[in-house]
6 protein chains.
Amino acid sequence: MELFNKYQFLGCESSFKESEVVLFGAPYDGTSSFRPGSRFAASRIRIDSYGLETYSPYLDRDIDDYRVHDAGDLNLAFGNRDLVLKGIKEFTVDIVKNDKKPFMIGGEHLVTLPAVEGVLEKYNDLVVLHFDAHTDLREDYMGEKYSHATVIRNIWDIVGDGRIYQFGIRSGLKKEFEWAASGHTFLEKFGFSKLEAVINSIKDKPVYVTIDLDILDPSIFPGTGTPEPGGISFVDMMKIISLISSLNIVGADVVELSPDYDPTGVSTAVASKIIRELLLVL
Amino acid sequence: MELFNKYQFLGCESSFKESEVVLFGAPYDGTSSFRPGSRFAASRIRIDSYGLETYSPYLDRDIDDYRVHDAGDLNLAFGNRDLVLKGIKEFTVDIVKNDKKPFMIGGEHLVTLPAVEGVLEKYNDLVVLHFDAHTDLREDYMGEKYSHATVIRNIWDIVGDGRIYQFGIRSGLKKEFEWAASGHTFLEKFGFSKLEAVINSIKDKPVYVTIDLDILDPSIFPGTGTPEPGGISFVDMMKIISLISSLNIVGADVVELSPDYDPTGVSTAVASKIIRELLLVL
Amino acid sequence: MELFNKYQFLGCESSFKESEVVLFGAPYDGTSSFRPGSRFAASRIRIDSYGLETYSPYLDRDIDDYRVHDAGDLNLAFGNRDLVLKGIKEFTVDIVKNDKKPFMIGGEHLVTLPAVEGVLEKYNDLVVLHFDAHTDLREDYMGEKYSHATVIRNIWDIVGDGRIYQFGIRSGLKKEFEWAASGHTFLEKFGFSKLEAVINSIKDKPVYVTIDLDILDPSIFPGTGTPEPGGISFVDMMKIISLISSLNIVGADVVELSPDYDPTGVSTAVASKIIRELLLVL
Amino acid sequence: MELFNKYQFLGCESSFKESEVVLFGAPYDGTSSFRPGSRFAASRIRIDSYGLETYSPYLDRDIDDYRVHDAGDLNLAFGNRDLVLKGIKEFTVDIVKNDKKPFMIGGEHLVTLPAVEGVLEKYNDLVVLHFDAHTDLREDYMGEKYSHATVIRNIWDIVGDGRIYQFGIRSGLKKEFEWAASGHTFLEKFGFSKLEAVINSIKDKPVYVTIDLDILDPSIFPGTGTPEPGGISFVDMMKIISLISSLNIVGADVVELSPDYDPTGVSTAVASKIIRELLLVL
Amino acid sequence: MELFNKYQFLGCESSFKESEVVLFGAPYDGTSSFRPGSRFAASRIRIDSYGLETYSPYLDRDIDDYRVHDAGDLNLAFGNRDLVLKGIKEFTVDIVKNDKKPFMIGGEHLVTLPAVEGVLEKYNDLVVLHFDAHTDLREDYMGEKYSHATVIRNIWDIVGDGRIYQFGIRSGLKKEFEWAASGHTFLEKFGFSKLEAVINSIKDKPVYVTIDLDILDPSIFPGTGTPEPGGISFVDMMKIISLISSLNIVGADVVELSPDYDPTGVSTAVASKIIRELLLVL
Amino acid sequence: MELFNKYQFLGCESSFKESEVVLFGAPYDGTSSFRPGSRFAASRIRIDSYGLETYSPYLDRDIDDYRVHDAGDLNLAFGNRDLVLKGIKEFTVDIVKNDKKPFMIGGEHLVTLPAVEGVLEKYNDLVVLHFDAHTDLREDYMGEKYSHATVIRNIWDIVGDGRIYQFGIRSGLKKEFEWAASGHTFLEKFGFSKLEAVINSIKDKPVYVTIDLDILDPSIFPGTGTPEPGGISFVDMMKIISLISSLNIVGADVVELSPDYDPTGVSTAVASKIIRELLLVL
């Protein structure tokens, strides 16, 4: 009798050593200002991923043909943001030092900061592709410098102008939009019509891709901290993944699924499929 | 320590006196025939509106730059429809007599009747722009002359032919469609392709805008009394608001959010954002 | 192939003519002040009743051995309270005139008023046994004389002092408790310790039993308009039904299930079982 | 007083004898591998269908003008797949032998196999139009030859090459897509751009239409066993129904609504409306 | 950084070889007649068990002091009941042949049949302690001999009179109660007042304990296939476990959690704690 | 027309100056390890409190006869635990310095630490009465000294032995129970049978009462972070409040309602009623 007894994303059955990509969960949502619960995302995604096929008719690729290791979830201390950030960075550094690519499942968006810091240890000319409904460019949020609402600004503090490309943005402070427009980041409102041009301009660079799933319209992805109507469709997301497949992606994350806010389970199914597709282009 | 202690829609912090627009809730759902609960809409919208930003990237305007007073909710007697209608009308008359614009959050659609009656006291050449999935043109509904399913017909009884413009309609009796087509109202099925032309033809008139949120597709707005698949998208609604911004809108309402039927909270977020946008063009 | 094609409560398959008891639904919730939705109770109960057995191990009786007709639901006009009350009264009169017993599934508690009025046409010395969390003794509610919060007072207006017995009451205005205590009704707070004595004192009278299901603790019955913690248990309710089985019950109702507020479905299962038991003692 | 006391889909009030179309439910979900519950679909659809109008503004037809009999639900034994298949086939044969058209509400997709077998008894040149997110072409599933994941292959075993047309497919094993592509079935991935051409080629044939509702995007139809993002819209489905209205449809089914997975009720509303439209073109 | 990467019940970290007890899931719900979904129980329990402590203040024991192996879930073919029963039996035989005790998490109650059969291979004088709301003594159910509603009768077919003890029973056909009362099984209605006496009479026998969680009142355990109000409390269940701790329990199961029907998650928490306690007395 | 426009708990309409008790919300849940969301408690309680009456039949008192000020919610920075603790302490100090009593609605249990610290500024012989399912006595939790799981230990660090009384405790590490038993705190497992004796022994002392609502059984209070079956009933809680009414209570809090985990709304109703009763004995 066959047994199901693994805590793994569908098809991610390689050992750490033999793998090219290392998947891991970062279940932290401590700075979420509206609806918390993204801590449960990785766990729920693993279970529900078995509702998918390993084969993608979009990309005509099969995850069984790739070597991915699922390391499980980091044990992060709720309530101590600094320790959380340190733990994620160290784990990411360990992956890149072993010449593998990190693939993180959030958690809230702040977890992207230490993951990018980790990848920068190896690739100091890293470029960040950011897909999101929100600018995430505040200098501080409710007095805090490190938050889900400041994370891209925090990354900019490290990488500086011209290294961050933002798509799908449809919510933020007026001054965030102005700050971006003054040349600090490339920011496209609402959609991704200029993604192809951007891809051409960065195709020689190592790229980190961060997908805040709330870029999707809440009709297809209600299970998130701050649902913002007016987002892109799932088919749009498939197009984005197809477009970026030519890039040299050296790390990626998918964040902000808050599964308990979607009792239909569709949000988790959407996240799982996006992860499958993204793994197939890594 | 800053305190949060107001029962107000985001950014609507002006006093009645200094305001141009007066927001209020009309929590009545007594004639709903399918799923009641729109009585909870205004209360839930106020709380959840704090998940939004005050700045709209669609309109490049900020609600903090406008003077809106949030008067709270009318205390309406459930079970006595006539008293409810009277109360709403009197409150609306009070607003227009003070040279302010009423902005009502329903409640079911019947609440539009007394609000229009109130506005008519000042603007007797008023034109009504009606966005909805349903015709609402029955002469009576289950024997009742005043109901959410008769409300536009009730308004026609007062204003007569050529004063009502209906968009997005996709459900009704055959004879309602025929009655409209015989010239009593302008009615566009499914969409709003002729809205621009209509706007040109009424641009000198005072306009009342009533938005039954079930015009939206239930994928993005499931939390309503009678969900009707095949509706317009949120982006369509942003286009509508942009189009009507050139009009002389003297009153408006947003009705038929039934928040308890959407456990994801997305419907409330959608309603809140539409209210923000509509306030910004009033 | 056997077919399931009836809209009936489990085992209530007699024709009107051959029946002793006539079950019907009164789907009205127009004066509910907090959470509406009891209009859906009868429909949901019928469907879910098929999850029960026809045999009661509590009473050692089987519903298949009794003759009950399920007439379906009255088509009531939402928004017109007076017509609703008139319709229920007429239907009840029709039942008692045919020497059958009415068994009504609410709806909100106001529907009890016309049902009692109907039964009084035949039994003018009727006594009312009232099980509820709430006093329902207000003179008016938000200015309205006829409401779910006034219904027992409305009945008192007709039958006068000494004819109403209230049990399980745990919420009301101070002056309602005082009014009852001054001799107008018999009212026991919280429980039913004096039910047996009351039963002895009324055993020669025709009795109408009205059960507002919110007498139950919301742990076992969350699906109701105004949940009041501190109620009786399901086993208590079985005891009550056993106790009253010796009475000459000539009419009964079960009201205030609001099924959509209990996604587990337990409230509907509870209501169904109470109805089965009550039918077995009628 | 009018009574609501029928267990019927809206407007399907003809007797078996006078009807042209016979509607029935097949509440079986025994081979569902992910989320069961489609057994509840027919029951929920009947109740909620009364939230619709009988008139379709899409087709400008009214269901009151057609003769449809609603036979209720088959009483199927859970746990014994073979008996279930036999029961459905016999019931379908009975319908076609009486020169009527069967219209089945599932249940899971496996119920289509016996319905097609039944229709084949009369129309041995039957063509099958299949709308679905999934290929359903496996030879076996978890060792089982008869399953929701093999049903179209099971039908192919009977009808052979060139008789099955599949649209909207976006999930399956690589080898299923390859098997189809080798000429066994016509299969269009993702959409239905070639439906019109297919219709022209089969317009002289008797056609069975099977709609697995998960062809719809889960934004509008979350209540299903295996939600697959990236599906078609409700408006697309209206187009499909309009396109196929010229065909000689001799049987049809609508399967895989699992209503309890959509607490908003929208999925049931969507299914109900599709059934109304499909009845209007039969 | 510590990682969470195991698919295990809390504290069940021993290997098969070193363990005394082997836990496994049997995710089958193919004969459920009302609400399916117990297939998800084992998976959900494992994840949520980490919300518990390993220490029981009821028993003053800690699960970390015991050697339990969690084997994962059996891969069972939905739709083929006979294969499912065979697979469970073989797996159980394998456990008892290795001198370990099986502890199964259902699934629906039918899975108890093959588990008991497996244990009987080693202990032919086995006694069965059965805790349930339902008799489960039908000869057949909807024509089927093997079903969740017949399972105890199926076991009786093997072990015969005087070997089965049933507690908490509160639902069934009249003839099931009569059949039990004629001496075939010991059956206590509603509670477990005679459990202590029974324990004394069987203390020299090997005992199999099967707990259908619907013995609990649905107030504390709504997430089950057929909720039956009037059940025992969680504290009662703790007493039962304490009472049976003196027995020679050689196998056990906990069945009929259907987690998706309880959105609060409490049912899963209850099941997890009962499993912890039962493991501590095995 | 009367308006509802206040963000206040029912009946708490006094100004800060004229009040004896100051109610405020502390919406922080940053160290919750299982299910977050207690940040929403105060907001939801305020809205739903209007479903209650101001009169308590338990205590025969009416909240309209008392002077309570509702200050609203503190604006706390998620992600910075230290700032949160500081803010709550300062606000509490401000209340006690003005000779008023603080009444805090959490938030998670850690918020009790700064509130007690604030009250200690005035009453240095303060005694703490602690009602909870959990010991909350860990020295650290996942490496963190300040957490919802350490809060009572943190308070002990300040007040020392013999000042803390714990009731209802049914979950914790073995060593926490042992630590308490060695004389550091008074701890009663499961219930509160010794509460009366404790009350007699502390009746001359100023008392702070902290109620973690998860002391209640999850049947009546499912909406909490870590539901623990086996808790006390609502009626037990009424008894506790009645018992402690003779004490000199100088501050109180009610924590750990996580309303989104109870879609029935009952948990919020329970919390609201407990707050009403507790206000009436302050």
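The structure displayed is predicted, hence computed values, not measured ones. A note on names: the letters A, B, ... follow the listed sequences, proteins ahead of strands, and every chain is numbered from 1.
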* Asked: Which one, A:Gly172, A:Ser33, A:Gly225, A:Ser171, leads in non-hydrogen pairs under 4.5 Å with chain B?
  ->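 Max contact count across the listed options: A:Gly172.
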* Asked: Tell me, side chain or backbone of A:Lys174 under 4.5 Å from chain B's heavy atoms, or both, or neither?
  ->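 For A:Lys174, heavy atoms of backbone and side chain both lie under 4.5 Å from chain B.
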* To do: Let me know if A:Asp217 has heavy atoms under 4.5 Å from chain B in its side chain, its backbone, both or neither.
  =>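 Side chain of A:Asp217 only, per the 4.5 Å heavy-atom cut-off to chain B.
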* Answer yes when A:Glu108 and A:Arg39 have at least one side-chain N-carboxylate O distance shorter than 4.0 Å, and no when they do not. =>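 No, this pair does not count.
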Less than 4.5 Å to any heavy atom of chain A: does that hold for the side chain of [X], its backbone, both, or neither?
X: B:Tyr58; answer: both
X: B:Tyr55; answer: both
X: B:Val235; answer: side chain

For the residue pair [Y] / [X], report whether a side-chain donor-acceptor contact shorter than 3.5 Å exists.
X: A:Thr210; Y: A:Asp253; value: yes
X: B:His109; Y: B:Glu256; value: no
X: B:Tyr7; Y: B:Asp73; value: yes
X: A:Asp132; Y: A:His130; value: yes

